[in-house]
Amino acid sequence: MTIRVYNTLSRKKEDFNPIEPGKVKMYVCGPTVYDYCHIGHARSVVTFDVIARYFRYRGFEVTYVRNFTDVDDKIIRRANETGVDSREISEKFIREFYNDMDALNVGRADFEPKVTEYIEEIKDFVLKLIEKGNAYQTDGDVYYSVESFKEYGKLSGRKLEDMEAGARVDIDERKHNPFDFALWKSSKPGEPAWDSPWGKGRPGWHIECSAMSSKLLGETFDIHGGGKDLIFPHHENEIAQSEGAYEKPFARYWMHNGFININQEKMSKSLGNFLMIKDVLKSYHPETIRVFLLSNHYRSPIDFTDKAMDEASSGLDKIYALLERVETVTGMSPNEGGDPGKSGEYWNRFTEAMDDDFNTAKAIGVLFDAVRNINRTLDENSERLSDALKNTVHSERSDIVKMGRILGIFTESPKVYFEKKKRQGLEEKSIDPAGIDQLVRERSEARKAKNWARADEIRKQLEEMNIVLEDRPEGTVWRIEN
RNA sequence: GGCGGCAUAGCCAAGUGGUAAGGCAGCGGUCUGCAAAACCGCUAUUCACCAGUUCGAAUCUGGUUGCCGCCUCCA
């Protein structure tokens with residue numbers, strides 16, 4: 001079974017055929033580090049994290065590159081606004097990026113290049129484009145001539161003529177065509193600058209990805225990804241640069257993730273509704289965020305709402321509860337299972353879903369099917385679980401754990417997961433757990449004495465505090481409702 | 001103005017020619033002192049609307065309506 005990938009370039013799903021059999025080389029545009037990461041960054045990074053994980057589990061040798069843009073107008077602007085050195089700003093927000101992404105259990109890419117580390121390569125690239133007649137110098141700036149690349153617009157489906165009609169483009173007399181873009185920008189005093197044949201300056205926005213990808217992955221590589229908004233102009237311009245310079249296809253498959261809305265509104269500066277990852281993490285378990293993100297197909301828009309997050313949270317609780325149940329009933333240790341050699345029915349269905357353009361939404365449906373099936377088996381055999389059924393349960397649980405490894409969830413033991421969740425809920429609602437425990441003890445005494453009236457009274461009292469009790473054979477446990 | 005996307009039950013959502021996954025919520029049941037959790041059953045003869053292609057369409061074609069994105073260095 002081959003993996004199918006939706007290619008923005010052809011606007012179709014295609015069979016994935018790597019350049020080198022068994023190897024995947026992918027480049028994903030990372031953040032410009034001038035602020036904290038918002039939930040939209042999380043979607044992009046988590047999406048491609050899962051894709052890279054899945055390729056690896058499917059036996060591919062993956063080389064994954066995700067860059068940091070650490071020289072950029074926005075960083076400089078932030079530096080000017082705050083009086084902080086631009087280098088300090090970029091370093092700070094790279095640290096913050098790692099804080100957020102580590103929390104979200106995002107794996108590191110194989111290469112995480114920064115623009116400032118590739119200045120020489122970038123200058124060479126610009127020189128090459130000038131030599132080939134794709135770029136021209138004017139004052140201390142170098143521009144790419146879009147008219148020199150006859151396929152300009154092939155990714156975004158635009159034509160230069162069409163765009164000129166209604167677009168609002170800055171009129172710059174020095175440009176041959178309004179859509180020409182900067183490869184190298186001369187610097188003002190105090191701005192980050194490097195010596196170059198064109199004077200002191202810095203790279204333009206698009207050139208870094210062309211330069212770094214060719215250095216790390218080659219002139220042609222398999223997958224190039226990023227957010228939908230990057231299709232134009234960023235990725236269009238990368239194609240113009242790289243194919244202009246090397247005269248061969250740049251990336252074979254272009255993958256773009258959709259956007260996140262907040263309560264049906266686009267995140268925007270004017271609305272001031274940018275939702276930062278670090279803030280979402282205050283209210284929700286990181287795996288809840290992953291489940292939320294992966295519950296929709298990566299190309300569809302998704303709407304971030306408290307309700308959607310609560311639903312994701314309930315779903316995750318249900319699965320962790322099942323894992324805990326299996327652990328209790330069969331004595332299977334928390335991290336046991338996930339044997340890659342063995343594959344059960346659910347695992348097979350899961351890979352079918354993932355093979356189809358990484359359909360994590362469908363894959364999560366399979367996950368819930370597996371959960372229900374194990375619960376059913378355990379319910380129907382609550383008296384005694386035969387060895388044969390025990391093996392079935394083990395195998396199905398093993399499938400679930402394997403799926404979790406791809407999706408980047410179930411990394412905690414159920415016990416720790418529920419404890420963490422409880423702690424977070426207590427903090428948010430400022431509830432004192434000792435008081436709850438006291439009431440629960442009192443209720444247990446009442447129950448022992450068959451004083452049901454008192455027991456129910458306490459249950460009711462706790463219910464009003466959003467505390468739900470569960471009387472299990474081994475004792476009463478409580479949890480906070482969302 | 002140009003380009004593109006989307007419209008599936010109360011809500012979220014998968015499904016690109018073969019007769020509607022899954023989750024949340026709701027109702028009924030099993031279990032329970034009562035609950036909770038779990039499980040079982042029920043909840044879209046129907047996929048925005050109209051026409052067409054086809055033995056057969058949510059899925060393809062044309063049109064209509066509605067929503068959204070990009071064309072502003074916002075993932």
Side-chain angles (χ1 to χ4, degrees), chain A residues 8 11-13 28-32 35 37-48 69 72-74 153 156-159 161-170 179 181-182 204-206 225-234 236-237 256-261 264 266-269 274 291-292 295-297 299-303 305 307-308 310-315 317-318 321-322 325 349 353 356 359-369 371-380 382 447 450-453 455-456 459-460 463 468-472 476-479 481:
Chain A
T8 306
R11 294 182 187 77
K12 282 195 298 250
K13 273 189 214 169
V28 176
C29 290
T32 300
D35 206 342
C37 289
H38 54 67
I39 190 76
H41 292 109
R43 185 177 198 193
S44 177
V45 173
V46 167
T47 294
F48 289 101
T69 298
D72 175 89
D73 291 356
K74 280 176 294 189
S156 54
R158 291 157 214 268
K159 293 185 176 65
E161 315 86 80
D162 293 342
M163 290 197 292
E164 277 174 277
R168 289 167 284 169
V169 187
D170 56 322
F179 286 94
F181 54 90
W205 175 36
H206 316 290
K228 244 188 166 93
D229 57 321
L230 297 177
I231 295 172
F232 190 89
H234 185 53
E236 196 70 71
N237 291 351
H256 295 98
N257 64 275
F259 270 27
I260 298 185
N261 292 325
Q264 302 190 52
K266 185 188 150 92
M267 277 197 282
S268 71
K269 284 181 181 118
F274 271 89
V291 169
F292 163 72
S295 292
N296 298 56
H297 189 90
R299 281 187 281 119
S300 309
I302 59 178
D303 194 26
T305 60
K307 185 166 179 283
D310 288 343
E311 285 180 11
S313 180
S314 304
D317 282 358
K318 184 179 184 143
L322 179 273
R325 186 179 183 192
R349 283 174 55 203
D356 184 14
N359 194 335
T360 52
K362 193 177 188 177
I364 287 174
V366 175
L367 188 51
F368 280 110
D369 279 344
V371 168
R372 178 151 35 80
N373 198 251
I374 296 178
N375 268 321
R376 190 193 298 133
T377 304
L378 296 179
D379 275 5
E380 285 171 356
S382 53
R447 290 182 72 219
K450 295 208 189 308
N451 182 356
W452 307 127
D456 291 348
R459 178 194 287 289
K460 194 146 184 267
E463 228 166 62
V468 179
L469 299 180
E470 217 178 297
D471 295 326
R472 298 187 190 177
T476 300
V477 297
W478 57 272
R479 64 167 198 282
E481 283 281 85

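Note that the structure is a prediction, hence the values are computed from the model and not measured. Computed from heavy atoms alone, side chains included, the values below leave out hydrogens, waters and symmetry copies. Protein chains get the first letters and strands the later ones, always in sequence-line order, with residue 1 at the start of each.
Residue A:His41 places its side chain closer to B:A75 than to any other of B:C39, B:A75, B:G33. Comparing B:C71, B:A75, B:A14 against the side chain of A:Met267 picks out B:A75 as the nearest. With B:A21, B:G33, B:C71 as the candidates, the nucleotide lying closest to the side chain of A:Ala455 is B:G33. Considering only the side chain of A:Asp73, B:C73 comes nearest among B:C73, B:C74, B:A38. Closest to the A:Arg447 side chain, of the nucleotides B:A36, B:G33, B:A38, is B:G33.
For A:Lys13 and A:Lys228, each mapped to the nucleotide of RNA chain B holding its nearest heavy atom, the one lying further toward the 5' end belongs to A:Lys13. Each of A:Ala363 and A:Lys266 lies near RNA chain B, and the nucleotide nearest A:Ala363 is the one positioned closer to the 5' end.
Straight-line distance from the CZ atom of A:Arg11 to the P atom of B:G69: 19 Å, rounded to whole Å. The interatomic distance linking A:Asp310 (CG) with B:G23 (P) rounds to 18 Å, in whole Å. Going from atom CG of A:Asn257 over to atom C1' of B:C74 covers 12 Å, rounded to whole Å. Here the P atom of nucleotide B:A37 and the CZ atom of A:Arg325 are 13 Å apart, to the nearest Å. As rounded to whole Å, 12 Å separates atom P of B:G22 from atom NZ of A:Lys362. What separates CG of A:Asn261 from P of B:G69 is a distance of 7 Å, to the nearest Å. Look at CH2 on A:Trp452: it is 13 Å from P on B:U32, rounded to the nearest Å. Here B:A37 presents its C1' atom at 11 Å from CD of A:Glu481, a figure rounded to the nearest Å.
Each of A:Asp303, A:Asp229, A:Ile302 was compared with A:Phe259 under the side-chain contact (heavy atoms from CB on, under 4.5 Å) criterion, and only A:Asp229 meets it.
Using a 4.0 Å heavy-atom cutoff across all strands shown, A:Gly157 reaches sugar-phosphate atoms only and no base atom. Heavy atoms of A:Gly30 sit nowhere under 4.0 angstrom from any nucleic acid atom. Nucleic acid contact class of A:Arg372 (heavy atoms, under 4.0 Å, all strands): sugar-phosphate only. Residue-level contact check: A:Leu230 touches the backbone only, with heavy atoms under 4.0 Å from sugar-phosphate atoms and none from bases. Note on A:Ser156: only backbone sugar-phosphate atoms sit closer than 4.0 angstrom, heavy atoms only; bases stay farther off. Across all strands shown, A:Gly40 has heavy atoms under 4.0 Å from base atoms, whether or not it also approaches the sugar-phosphate.
For B:A25, there is no paired nucleotide, since no Watson-Crick or G-U wobble pair has both relevant distances below 3.5 Å. Checking B:C60 for Watson-Crick or G-U wobble geometry (two distances, each under 3.5 Å) identifies B:G52 as its partner. For B:C6, the paired base is B:G66 (Watson-Crick or G-U wobble, both distances below 3.5 Å). Look at B:A36: it lacks any Watson-Crick or wobble partner with both distances under 3.5 angstrom.
Taking atom C1' in both B:A36 and B:C70, the straight-line distance is 49 Å, to the nearest Å. One P atom belongs to B:U72, the other to B:A13, and the distance between them is 30 Å to the nearest Å. Look at the P atom in both B:C6 and B:C42: the space between them is 33 Å, to the nearest Å. Spacing of C1' atoms, B:A48 relative to B:C40, comes out at 35 Å, to the nearest Å. Of the C1' atoms belonging to B:A38 and B:U32, the separation is 12 Å, rounded to the nearest Å. Rounded to whole Å, the separation between the C1' atoms of B:U64 and B:G29 comes to 47 Å. Taking atom C1' in both B:A44 and B:A58, the straight-line distance is 11 Å, to the nearest Å. Distance check on atom C1': B:C73 versus B:C68 gives 22 Å, rounded to whole Å.
Between A:Phe259 and B:A75, a base-stacking contact is recorded: ring centres under 5.5 Å apart, planes less than 30° from parallel. The ring of A:Phe368 does not lie on top of the base of B:G22; it is either too far (5.5 Å or more) or too tilted (30° or more).
How far CZ of A:Arg43 is from NE2 of A:His38: 13.0 Å, rounded to the nearest 0.5 Å. Going from atom CG of A:Asp310 over to atom CG of A:Asp317 covers 10.0 Å, rounded to the nearest 0.5 Å.
A donor and an acceptor atom, one from each side chain of A:Asn257 and A:Arg299, are nowhere located under 3.5 Å apart. Side chains of A:Thr32 and A:Asp72: a donor-acceptor N/O pair is absent below 3.5 angstrom, by distance only.
Scanning atom types as modelled, one donor and one acceptor separated by under 3.5 angstrom connect the side chain of A:Arg459 and the base of B:A35. With hydrogens and angles ignored, a donor-acceptor pair closer than 3.5 Å exists between the side chain of A:Asp456 and the base of B:G33. Judged by atom type and distance alone, A:Asp229 does not reach the base of B:C70 through any side-chain donor-acceptor pair under 3.5 Å. In this model, a side-chain donor or acceptor of A:Asp471 finds a partner on the base of B:C34 within 3.5 Å.
No side-chain donor-acceptor contact under 3.5 Å links A:Asp356 to the backbone of A:Asn359. Here the side chain of A:Glu236 pairs a donor or acceptor atom with the backbone of A:Ser156 at under 3.5 angstrom.
Scanning all heavy atoms of the two residues, the minimum distance from A:Ala353 to A:Ala363 falls at CB-N, 3.7 Å. Considering every non-hydrogen atom in both A:Arg372 and A:Asp369, the closest pair reads NH2-OD1, 2.9 Å.
Close to B:U16, at under 4.0 Å from its OP1 or OP2, lies no side-chain N or O of A:Lys12. In terms of phosphate contacts, A:Arg376 brings a side-chain nitrogen or oxygen within less than 4.0 Å of OP1 or OP2 of B:C40.
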Q.
For nucleotides 7-13 of chain B, give me one character per nucleotide, 5' to 3': B if any protein heavy atom sits under 4.0 Å from the base, S if the only such contacts are to the sugar-phosphate, - if neither.
A. ----S-S
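Between A:Asp471 and A:Arg459, at least one side-chain nitrogen of the basic residue sits less than 4.0 Å from a carboxylate oxygen of the acidic one, meeting the salt-bridge criterion.
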Q: For side-chain contact (heavy atoms from CB on, under 4.5 Å), just list the numbers for A:Arg325 and A:Leu378, CA-CA rounded to whole Å, side-chain angles, deciding distance to a tenth of an Å, and then say yes or no.
A: CA-CA 9 Å; A:Arg325 186 179 183 192; A:Leu378 296 179; 3.6 Å; yes
